[in-house]
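Report on the following structure.
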Amino acid sequence: MTIKIIGTGSAVPEQVVTNDDLAKIVDTNDEWIRTRTGIEERRIASAGSGTSHMATEAAKKALAQAGISAKDLDIIIFATSTPDCCFPSGACEVQAAIGADKAVAFDISAACSGFIFALHTVHSFFKAGIYQTGLVIGADTLSKIIDWQDRSTCVLFGDGAGAAVVRAEEHGTLHMTMGSDGSKASALACTARTTDSFLTGKKPELGYMTMDGQEVFKFAVKTVPEAIRTVLSEGGTHIDEIKYFVLHQANYRIFESIAKRLKISMEKFPTNLERFGNTSGATIPILLDEMNREGKLERGDKIVLAGFGAGLTWGATLLEW
Ligand code: ACO
């Protein structure tokens with residue numbers, strides 16, 4: 001049993017924030033950001049249009065392209081680290097907004113690997129014969145957990161959402177791998193509310209994202225090629241058969257290092273981080289949607305998706321478009 005992606009959609013906020021704009025609030029400059037990361041600008045959400053709003057827009061576009069009604073969905077899995085509410089889940093908010101009355105809906109948290117983890121989870125339900133049609137969403141509003149005084153992180157991220165409608169398919173190619181290493185959690189973290197209450201006499205506080213950039217860089221360039229090799233080997237697929245490697249959009253230099261390790265041309269690594277920065281769980285589905293709408297993907301193409309992020313977590317999928 002495999003998965004077929006039958007529709008994609010994406011949504012990003014209208015507000016563009018350039019590197020020059022950021023240079024007005026922290027000690028940075030366009031040249032540093034471009035050369036170290038490849039990012040030129042990003043989109044930042046405004047009040048009232050948060051994670052679930054963007055996710056709903058992306059979901060509607062994906063459903064329209066798939067040509068099915070929300071009422072046909074059996075399951076909605078929403079990958080996010082920055083939901084609008086602790087509860088209800090973002091998935092339940094989207095379910096209500098699109099009218100997917102029949103679907104079971106829940107969120108998962110795997111940071112930038114979230115879309116891959118959600119896709120694999122839906123596949124497990126398909127494989128078990130429980131559901132046949134699903135909606136997988138990756139959406140994040142990282143702007144609300146970024147310390148806008150911290151130049152080492154605030155230049156990297158943006159907000160956005162991507163979605164894919166998927167259907168269980170008897171035939172085709174699908175191989176997947178996932179991993180987690182909680183012992184390296186401190187490399188990339190953001191605390192939720194602290195455990196304060198009437199007992200401590202303090203109001204719970206919220207944390208901001210912290211990151212050891214070099215640790216994350218080393219982790220990504222080691223783990224992602226290994227994960228890609230694993231799915232290729234399990235699929236009995238030669239690397240040259242892959243049309244595109246759709247990677248989590250974190251840093252252009254990470255792509256260059258991975259391409260070099262795998263001995264493949266950078267032309268096989270589509271990017272859009274120049275325009276959107278790192279939108280965490282949303283990067284892969286936003287890029288997939290752009291490629292799909294630009295006609296870059298044809299039925300039968302083999303592609304690899306790969307994500308990595310906080311947890312630490314990572315995952316890769318070999319699939320046939
Ligand atoms: N502008 C100007 N200077 C800066 C900036 C900035 N925005 N940020 C840091 N610097 C300075 C540092 O203070 C340091 O100065 P110093 O030498 O005087 O101490 C210098 O630049 C070099 O800093 P490094 O941290 O060593 O820079 P590095 O070359 O490692 O690049 C970067 C930093 C871009 C963050 C890189 O480590 C990286 O991309 N890591 C991966 C991060 C990542 O991908 N995170 C997200 C993945 S997971 C997820 O998506 C949630």
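Any value given below was found using the heavy atoms of this structure, including those in side chains, with hydrogens, waters and symmetry copies removed. As the structure lists them, so they are numbered: ligands from 1, and atoms in each ligand from 1.
- Distances from atom 35 (C) of ligand 1 to the heavy atoms of Q249, R253, R36, M211 show the closest one on M211.
- Considering only non-hydrogen atoms, atom 6 (C) of ligand 1 lies nearest to T28 out of L22, T28, D27, L188.
- The environment of R167 atom CZ is sparse: at most 12 non-hydrogen atoms of other residues, nucleotides or ligands sit within 6.0 angstrom.
- Closest heavy-atom approach to atom 2 (C) of ligand 1 within the set F217, F157, W32: this belongs to W32.
- The shortest contact between atom 44 (O) of ligand 1 and any protein heavy atom is with A250 CB, 3.4 Å.
- With a 4.5 Å cut-off on side-chain heavy atoms, I108 and F78 do not count as touching.
- Taking every heavy atom of G309 and a limit of under 4.0 angstrom, the matching atoms of ligand 1 come to 48 (S).
- Counting atoms of ligand 1 from 1 in the listed order, those under 4.0 Å from a heavy atom of Q214 are 24 (P), 26 (O), 30 (O), 37 (O).
- Within a 4.0 Å radius of atom 18 (O) of ligand 1, the protein contributes no heavy atom.
- Within 6.0 Å of the OH atom in Y208, the count of heavy atoms belonging to other residues, nucleotides or ligands does not exceed 12.
- Taking distance alone, with nitrogen or oxygen atoms compared against 3.5 Å, N29 stays at or beyond that limit from ligand 1.
- Under a 4.0 Å heavy-atom criterion, S152 is in contact with ligand 1.
- Within a 6.0 Å sphere centred on CD of E267, heavy atoms belonging to other residues, nucleotides or ligands number 12 at most.
- Across R151, E31, M209, heavy-atom proximity to atom 12 (C) of ligand 1 is greatest for R151.
- With contacts defined as side-chain heavy-atom distances shorter than 4.5 Å, the pair I254/V224 does not qualify.
- Using the six-membered ring where Trp is involved, F125 and Y131 have ring planes that are tilted, between 30° and 60° apart.
- With hydrophobic clusters built from ILVMFWY side chains whose heavy atoms lie under 4.5 angstrom apart, I239 shares a cluster with V221.
- Classification of E40 and R275 as a salt-bridged pair fails, no side-chain N sitting under 4.0 Å from a carboxylate O.
- Among protein heavy atoms, the minimum distance from atom 41 (C) of ligand 1 is reached at G213 O, 3.4 Å.
- The neighbour count for K184 NZ, taken as heavy atoms of other residues, nucleotides or ligands under 6.0 Å away, does not exceed 12.
- Contact annotation: the side chain of S10 never approaches that of F276 to less than 4.5 Å [non-hydrogen atoms, C-beta and beyond].
- In the vicinity of V216, heavy-atom distances shorter than 4.0 Å reach the ligand 1 atoms 43 (C), 45 (N), 47 (C).
- The environment of NZ in K102 is crowded: more than 12 heavy-atom neighbours from other residues, nucleotides or ligands sit within 6.0 Å.
- In this structure, atom 31 (O) of ligand 1 has protein heavy atoms in its sub-4.0 angstrom surroundings.
- There is no protein heavy atom closer than 4.0 angstrom to atom 14 (C) of ligand 1.
- Every atom of ligand 1 is numbered from 1 in the order shown, and the set under 4.0 Å from a heavy atom of I254 is 44 (O).
- Residue H248 places a heavy atom less than 4.0 Å from ligand 1.
- If you number the atoms of ligand 1 from 1 as listed, the ones under 4.0 Å from a heavy atom of V155 come out as 7 (N).
- In terms of protein heavy-atom proximity, atom 46 (C) of ligand 1 is nearest to N278 ND2, 3.5 Å.
- Short contacts between ligand 1 and C112, defined as distances under 4.0 Å to a heavy atom of the residue, involve ligand atoms 48 (S), 49 (C), 50 (O), 51 (C).
- A heavy-atom separation below 4.0 Å is not found between T153 and ligand 1.
- For the pair M1/E170, a side-chain contact is recorded, criterion being any heavy-atom separation below 4.5 Å from C-beta on.
- Within the 4.0 angstrom cut-off, atom 51 (C) of ligand 1 has one or more protein heavy-atom neighbours.
- Proximity of atom 10 (N) of ligand 1 to the protein is indicated by at least one non-hydrogen atom lying closer than 4.0 angstrom.
- Salt-bridge annotation for R42 and D21: absent, with no side-chain N of the basic residue lying under 4.0 Å from a carboxylate O of the acidic one.
- To the nearest 0.5 Å, atoms OG (S280) and NE2 (H248) are separated by 6.0 Å.
- For atom 38 (C) of ligand 1, the nearest non-hydrogen atom from the set N251, T35, D212, D140 belongs to N251.
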